[in-house]
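Structure first, commentary second.
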Amino acid sequence: MKLIIRLSFILITAFAFTGCSKVIFYDEDPIVGSWVLTDAAHKDAYGWYPVNTGIERGVFTFYTNGSATYSEAGITMHGSWQLYNNNGGYYDENGNYYSDSHQSLQVNVSDGYGDENINMYFENVRIYNNRFVATNYNNHYIERYRFSRY
């Protein structure tokens, strides 16, 4: 009888510790998904000026494995994207300079034939729920690109 009670206790204890497990779900990277460029501008000493980049009609898609596509008018380019954690100087989306930790983004896609490619590097990226803003300093002006979820 004591053997049955001991075995029952061991089985119940084993079941209690193994029968219930804690499952942790991690959110995927917030930039994963499809995006369209909704606004591009440059800022110099006189203010912000709208810019036509030529990629406003396409859709960028960033995948969890680091691959990326850009699709526009039946053409799809393939490549990669990478989000970096950096420390140092950068300009934010309002044109203010900061020097601290921030994220940078690199996107490279091409048609595979060498005819068409898009290579973008942004020194600073702020990701919100359904949009992100990327900035870069280039030849005495600040570039700002706003993307929205597609």
Side-chain angles (χ1 to χ4, degrees), residues 11-150:
L11 289 174
I12 290 170
T13 305
F15 181 72
F17 286 109
T18 60
C20 299
S21 62
K22 186 175 186 179
V23 178
I24 300 173
F25 291 98
Y26 294 98
D27 289 336
E28 60 185 30
D29 200 312
I31 203 164
V32 168
S34 296
W35 302 89
V36 292
L37 178 64
T38 55
D39 175 58
H42 290 171
K43 181 182 187 293
D44 62 15
Y46 303 103
W48 290 100
Y49 302 95
V51 174
N52 183 8
T53 66
I55 60 172
E56 286 82 3
R57 292 188 208 125
V59 178
F60 287 94
T61 302
F62 304 129
Y63 299 93
T64 56
N65 65 358
S67 65
T69 60
Y70 173 79
S71 299
E72 178 183 356
I75 297 170
T76 301
M77 294 188 230
H78 299 272
S80 63
W81 68 274
Q82 189 168 8
L83 206 56
Y84 301 93
N85 290 319
N86 283 326
N87 284 312
Y90 66 94
Y91 287 89
D92 73 358
E93 61 195 85
N94 299 312
N96 300 313
Y97 183 80
Y98 295 94
S99 184
D100 58 15
S101 65
H102 60 282
Q103 289 188 308
S104 301
L105 174 66
Q106 182 171 346
V107 179
N108 304 98
V109 292
S110 70
D111 65 359
Y113 303 106
D115 296 331
E116 299 288 331
N117 61 60
I118 299 170
N119 298 304
M120 300 183 298
Y121 176 76
F122 302 110
E123 293 171 346
N124 182 52
V125 177
R126 287 283 308 229
I127 304 167
Y128 303 96
N129 288 334
N130 291 315
R131 65 184 179 94
F132 74 88
V133 181
T135 57
N136 195 35
Y137 182 76
N138 189 5
N139 295 328
H140 306 294
Y141 61 88
I142 302 164
E143 301 172 333
R144 178 181 64 203
Y145 300 86
R146 293 182 176 145
F147 292 82
S148 296
R149 287 223 184 255
Y150 180 69

Practice problem: Give, for atom CG of Asn138 and atom OH of Tyr91, the distance between the pair rounded to the nearest 0.5 Å. | Solution: 12.0 Å
Exercise. For the residue pair Ile75 and Tyr70, establish whether any side-chain heavy-atom pair is separated by less than 4.5 Å.
Key: no
Quiz prompt | Full working for side-chain hydrogen bond (donor to acceptor under 3.5 Å, both in side chains) between Asn108 and Tyr121 | solution = CA-CA 9 Å; Asn108 304 98; Tyr121 176 76; over 6 Å; no
Quiz item: Does Asn136 reach the side chain of Tyr145, with side-chain heavy atoms less than 4.5 Å apart?
Solution: no
Quiz item: Counting heavy atoms not belonging to Tyr113, are there more than 12 under 6.0 Å from its OH?
Solution: no
Self-check item: Side chains of Ile118 and Met77 in contact at under 4.5 Å (non-hydrogen atoms)
Solution: yes
Practice problem: Taking all heavy atoms of Ser71 and all of Thr76, pick out the closest pair and write down the distance. | Solution: OG-OG1, 3.2 Å
Quiz item: Would you say Asn124 and Tyr98 make side-chain contact, with heavy atoms under 4.5 Å?
Solution: no
Quiz prompt | Set of residues satisfying side chain to side chain donor-acceptor pair (under 3.5 Å) with respect to Arg146, sequence neighbours excluded | solution = Asp39
Self-check item: Contacts of type side chain to side chain donor-acceptor pair (under 3.5 Å), residue Gln103, not counting sequence neighbours
Solution: Asn85
Quiz item: Is it the case that more than 12 heavy atoms not belonging to Tyr97 sit under 6.0 Å from its OH atom?
Solution: yes
Practice problem: Could you check Leu105 against Phe132 for side-chain contact (heavy atoms from CB on, under 4.5 Å), going step by step and ending with a plain yes or no? | Solution: CA-CA 11 Å; Leu105 174 66; Phe132 74 88; 4.0 Å; yes
Quiz item: Below 4.5 Å, heavy atoms only, C-beta onward: do Met120 and Ile55 meet side chain to side chain?
Solution: yes
Exercise. May I ask you to test the Asp44-His140 pair for a side-chain heavy-atom distance under 4.5 Å?
Key: no
Practice problem: Step through the shown structure and confirm whether more than 12 heavy atoms of other residues, nucleotides or ligands are within 6.0 Å of CZ on Arg149. | Solution: yes
Self-check item: His78 side, atom NE2; Tyr63 side, atom OH - distance, nearest 0.5 Å
Solution: 8.0 Å
Quiz prompt | Minimum heavy-atom distance Trp81-Ala68, with the two atoms named | solution = CD1-CB, 4.0 Å
Exercise. Check the angle between the aromatic planes of Phe147 and Phe122 and answer parallel, tilted or perpendicular using the 30° and 60° thresholds.
Key: perpendicular
Self-check item: Where Glu56 and Val51 come nearest, the two heavy atoms and their spacing
Solution: OE2-O, 3.7 Å
Quiz item: Which pair of heavy atoms, one from Asp92 and one from Thr135, lies closest together, and at what distance?
Solution: O-CG2, 3.6 Å
Quiz item: Can you tell me if Glu123 and Tyr137 form a side-chain donor-acceptor pair at under 3.5 Å?
Solution: no
Practice problem: State, to 0.1 Å, how close Ser67 and Asn65 come at their nearest heavy-atom pair, and which atoms those are. | Solution: OG-OD1, 2.7 Å
Self-check item: Trp35 side chain near Tyr150 side chain, heavy-atom distance below 4.5 Å
Solution: no
Exercise. Indicate the atoms forming the closest heavy-atom contact of Val36 with Gly58, along with that distance.
Key: CG1-O, 3.5 Å
Quiz item: Going from NE2 on His42 to CZ on Arg144, what distance comes out if it is rounded to the nearest 0.5 angstrom?
Solution: 10.5 Å
